[in-house]
J.: 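Questions regarding the structure given below will be posed in turn.
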2 protein chains.
Amino acid sequence: MNLKQLSQLLGLSQTTVSRALNGYPEVNAETRERVLDAVRRTGYRPNRAAQRLATGRAGSIGLVMPTAHGYPSDVHFGEFLAGLGDEAVRHDFHFVINPSHPDDEEATCKRLVASGNIDALFIAYMREKDPRVALLKSLSVPFIVHGRSIGIPTDYPYLDIDNTAAFHDATKLLIQLGHRRIALLNGPAHFAFAIRRKRGMAAALAESGLTLDETCVQHSPMTDEHGFSGMKRFLDLPEWPTAILCSSTVLALGAVRALNQAGLKIGSDVSLIAHDDVLPMLKPENFSVPLTTTRSSLRSAGSRIAKRLISRILKLEILPEQELWRAELIVRASTGPAPHRAGRANERSAG
Amino acid sequence: MNLKQLSQLLGLSQTTVSRALNGYPEVNAETRERVLDAVRRTGYRPNRAAQRLATGRAGSIGLVMPTAHGYPSDVHFGEFLAGLGDEAVRHDFHFVINPSHPDDEEATCKRLVASGNIDALFIAYMREKDPRVALLKSLSVPFIVHGRSIGIPTDYPYLDIDNTAAFHDATKLLIQLGHRRIALLNGPAHFAFAIRRKRGMAAALAESGLTLDETCVQHSPMTDEHGFSGMKRFLDLPEWPTAILCSSTVLALGAVRALNQAGLKIGSDVSLIAHDDVLPMLKPENFSVPLTTTRSSLRSAGSRIAKRLISRILKLEILPEQELWRAELIVRASTGPAPHRAGRANERSAG
DNA sequence: CATTCTTCTCAAAGCGCTTTGGAAGGAAGA
DNA sequence: TCTTCCTTCCAAAGCGCTTTGAGAAGAATG
């Protein structure tokens with residue numbers, strides 16, 4: 001069923017039917033009702049490709065998904081996508097997902113825009129001096145960045161959480177509890193969020209005259225496995241940390257396991273704070289020792305980005321171009337006063 | 001840059017350029033090279049909407065993503081999508097993802113097909129007597145089902161793992177180890193895979209004259225939290241199970257925690273087998289007690305489905321229409337002989 | 001030399017939609 | 001009655017591509 005057939009069925013012209021469908025005023029209310037009724041009966045749906053060709057719009061948001069054989073998928077991607085979907089479904093928007101080799105994202109962005117079948121683009125996994133920002137600006141396509149780059153002017157539309165502040169606050173809490181030697185299980189070093197988190201932590205330490213020991217920092221994909229091995233490495237240091245910051249609850253999972261295995265009690269022997277993206281699969285409050293976290297829902301971020309993008313495309317309302325969300329610091333049982341014989345590993349590693 | 005401009009630039013007709021680009025034989029090798037070169041220089045990309053309108057094809061696979069506010073996102077979805085992407089990226093295919101309320105998937109399928117901007121459709125999360133199969137057959141759009149429905153003829157293209165056999169085998173192993181009372185932490189009861197897994201388990205028990213106790217079965221979303229609460233419930237039973245089957249390593253995560261909390265040793269006090277979708281985030285071999293699993297890579301499944309779909313669309317090669325993959329049973333440390341004083345909880349719950 | 005093939009290229013139609021620029025018909029004002 | 005103005009509808013152009021049916025030029029054949 002296409003427009004032509006539908007209009008013949010109704011004995012109207014294509015113009016009138018199209019107008020009735022798209023809410024133009026110059027069509028009789030009764031006629032419109034008749035058209036709408038026919039649509040319901042026949043199940044007619046406008047062809048999106050034709051619609052796009054004619055208008056340049058068709059209700060789609062583009063995103064590139066980094067993927068390659070052997071390259072681990074990211075739990076956070078799915079959760080974020082769900083957030084985007086929550087909002088998109090309301091406006092009958094869909095996503096055009098272009099898979100891309102992680103090293104080829106820039107070119108894929110370009111192709112995706114040039115293909116002409118997206119109304120707006122969303123990009124994430126920002127890196128330092130990310131070239132995609134300048135690219136998209138030059139392409140003059142509406143876009144929003146999830147996160148922020150580093151080392152380039154921040155005059156682009158973004159939604160980010162204040163990673164620096166989050167990890168600053170978390171570190172400060174640990175310092176107040178008496179911890180002096182704090183480790184960091186971070187995401188991959190090339191991501192801007194990881195850089196900011198580390199900076200936030202370093203800043204808080206510096207304020208108390210402490211420095212961040214690089215041997216107490218690990219950059220890795222945020223999996224259980226890396227959390228485990230990273231934590232183990234920390235525990236093998238001559239002087240092990242009494243507190244750990246984790247960039248994800250998934251990392252914390254492995255870290256907790258390593259801690260348990262070493263016979264250390266979380267919240268007393270060792271304190272731990274994780275960043276919580278609010279993954280439904282893994283809740284910090286349900287850890288055997290509930291985790292103190294810096295919380296910010298990834299899903300809400302997705303939802304908000306979709307909302308901003310759609311508002312922009314449909315010209316619904318003017319929403320702020322730049323948003324920096326504050327993560328909530330939620331204290332649970334995994335943080336406690338630094339142990340008195342803090343940081344001297346000998347007694348443990350000997351045992 | 002569009003075809004017209006490109007052809008003017010080259011001093012050729014649009015037809016010739018189009019033919020050169022699409023590999024038609026009737027164009028001079030030299031001319032073709034000249035065209036290809038111009039494409040590289042200008043970065044020309046055909047407009048997908050126009051291409052689709054003209055040909056009916058544009059290299060896109062449709063999928064509907066169940067999502068709603070408050071409805072948890074599924075870790076497995078992301079991993080599967082990554083698999084699809086691995087293959088799709090090679091043929092310059094993309095995905096059109098239509099978010100949908102979980103109860104509205106059927107209508108969304110219909111809309112997605114009617115919208116005319118997909119070449120093929122992929123559906124998953126199959127339920128009993130799933131109406132989408134008949135729908136897609138009637139719509140005469142190429143499609144593949146991930147999983148299989150139950151209670152309708154299986155004359156449609158699918159890729160599934162043999163869930164029945166997997167859980168049958170796992171159960172049999174436990175029985176051979178002397179376990180008599182076995183519990184199941186399963187996925188949601190309306191999903192076909194969950195039904196089959198339960199059946200496989202029940203069948204194996206029946207073969208040894210045992211029956212599956214419904215109080216030892218939990219159907220729930222596959223999150224850590226549900227694994228934990230489910231396991232706890234099992235341990236509160238007057239006679240608790242000595243072995244547990246989990247439909248996901250994520251469920252196992254919670255189950256293990258509950259077991260640890262109860263002071264039970266996995267592999268001796270209690271045995272545990274989980275189904276492993278090979279999530280990079282969570283490896284069964286890295287659990288504190290490495291998990292015995294039935295393994296089948298979700299990502300490979302995604303990749304294979306993309307391959308079949310694309311082969312079909314591009315008419316590359318004839319691939320089998322129906323595939324049933326066998327999951328591998330991998331024995332690790334989480335399974336061991338049933339304890340002698342099997343299943344009597346009193347001694348524990350008193351402690 | 002005329003004729004038939006090849007080989008290469010082109011003009012134009014058509015995919016299904018939106019949108020511009022009227023036109024027809026009736027109501028209202030002169 | 002004639003003009004003007006709405007209201008309601010329509011014909012046709014155009015979005016950027018592919019593809020059909022043909023034409024021009026050159027090579028091969030009679």
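Reminder, nothing fancy here: chain letters follow the sequence lines and each chain counts from 1.
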J.: Take atom CD of A:Gln14 and atom P of D:dA13, then tell me their distance rounded to the nearest Å.
T.: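 Computing the A:Gln14:CD to D:dA13:P distance gives 14 Å.
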J.: Roughly, in whole Å, what's the span from CG in B:Leu10 to C1' in C:dC8?
T.: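 Going from CG in B:Leu10 over to C1' in C:dC8 covers 15 Å.
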J.: Does D:dT18 have its OP1 or OP2 closer than 4.0 Å to a side-chain nitrogen or oxygen of B:Asn22?
T.: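 Indeed, a polar side-chain atom of B:Asn22 lies that close.
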J.: Could you tell me how far apart A:Asn2 (CG) and C:dG14 (P) are, to the nearest whole angstrom?
T.: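 So the CG-P distance, A:Asn2 to C:dG14, works out to 15 Å.
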J.: Go through C:dC10, D:dG14, D:dT19 for me and flag the one nearest to the B:Leu12 side chain.
T.: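 Nearest listed nucleotide: C:dC10.
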J.: With respect to the phosphate group of D:dG16, does any side-chain polar atom (N or O) of B:Tyr44 fall under 4.0 Å of OP1 or OP2?
T.: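 The answer is no; no side-chain N or O of B:Tyr44 sits under 4.0 Å from OP1 or OP2.
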J.: Could you check A:Pro46 against B:Ala29 and say which one's nearest nucleotide on DNA chain C is further toward the 5' end?
T.: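 The answer here is B:Ala29.
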J.: Please confirm whether the shortest side-chain N or O distance from B:Asn28 to OP1 or OP2 of C:dC8 is below 4.0 Å.
T.: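 Yes, B:Asn28 has a side-chain N/O under 4.0 Å of OP1/OP2 on C:dC8.
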J.: Whole-Å distance between C:dT9 P and B:Arg32 CZ?
T.: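 Those two atoms, CZ and P, are 10 Å apart.
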J.: Please determine whether a side-chain nitrogen or oxygen atom of B:Thr31 lies at a distance below 4.0 Å from atom OP1 or OP2 of C:dT9.
T.: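 Yes.
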J.: Taking the side chain of A:Leu53 as its heavy atoms from C-beta onward, which of C:dG16, C:dC10, D:dC9 lies nearest to it?
T.: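 Of C:dG16, C:dC10, D:dC9, C:dG16 is nearest to the side chain of A:Leu53.
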J.: What integer distance in Å separates B:Asn47:CG from C:dG16:P?
T.: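 Interatomic distance, CG of B:Asn47 to P of C:dG16: 16 Å.
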J.: May I ask you to evaluate whether A:Gln51 reaches the phosphate of C:dT18, defined as a side-chain N or O under 4.0 Å from OP1 or OP2?
T.: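 Yes.
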J.: Counting only side-chain N and O atoms of B:Tyr24, is one of them less than 4.0 Å from OP1 or OP2 of D:dT19?
T.: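 Affirmative; the distance criterion is met.
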J.: Measure CG/B:Leu21 against C1'/D:dT19 and give the value in whole Å, please.
T.: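 Going from B:Leu21 (CG) to D:dT19 (C1'), I get 15 Å.
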J.: Applying side chain to side chain contact (heavy atoms under 4.5 Å, CB included) to B:Asp74 and B:Tyr125, what does each step give before you reach the verdict?
T.: CA-CA 11 Å; B:Asp74 181 7; B:Tyr125 299 108; 2.9 Å; yes
J.: Regarding B:Thr55, tell me which of base, sugar-phosphate or nothing describes its non-hydrogen contacts under 4.0 Å with the strands shown.
T.: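 The residue B:Thr55 makes sugar-phosphate contact but no base contact.
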J.: Testing the 3.5 Å rule here: is there a donor-acceptor pair between the side chains of B:Asn117 and B:Ser115?
T.: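 Their side chains do contain a donor-acceptor pair, which is all the 3.5 Å distance test asks for.
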J.: Can A:His146 and A:Leu298 be said to form a side chain to side chain contact (heavy atoms under 4.5 Å, CB included), step by step?
T.: CA-CA 10 Å; A:His146 183 215; A:Leu298 199 53; 3.6 Å; yes
J.: So, does B:Thr15 get its side chain near the phosphate of C:dT9, meaning an N or O under 4.0 Å from OP1 or OP2?
T.: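 Negative; the distance criterion is not met.
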J.: If the cut-off is 4.0 Å, is B:Ser18 near the phosphate of D:dT18, judged by side-chain N/O to OP1 or OP2?
T.: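 Yes.
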J.: Of A:Arg19 and A:Arg45, whose nearest nucleotide on DNA chain C comes first from the 5' end?
T.: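 The residue mapped nearer the 5' terminus is A:Arg45.
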J.: Send over the distance from B:Arg48 CZ to D:dC17 C1', rounded to a whole Å.
T.: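 Atom CZ in B:Arg48 sits about 13 Å away from atom C1' in D:dC17.
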J.: Are side-chain N/O atoms of A:Ser73 and B:Glu79 paired as donor and acceptor at under 3.5 Å?
T.: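 Side-chain D/A pair, A:Ser73 to B:Glu79: present.
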J.: If the cut-off is 4.0 Å, is A:Ser13 near the phosphate of D:dC10, judged by side-chain N/O to OP1 or OP2?
T.: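 Yes, such a contact exists.
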J.: Measure from CD on B:Glu26 to C1' on C:dC5 and round the result to the nearest Å.
T.: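 Going from CD in B:Glu26 over to C1' in C:dC5 covers 16 Å.
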J.: Do the side chains of B:Asp119 and B:Arg312 get close enough for a salt bridge, i.e. N-O under 4.0 angstrom?
T.: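 Looking at B:Asp119 and B:Arg312, the cut-off is not met.
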J.: For A:His69, is the NE2 atom crowded, meaning more than 12 foreign heavy atoms sit under 6.0 Å from it?
T.: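 It does not: A:His69 NE2 has 12 such atoms or fewer within range.
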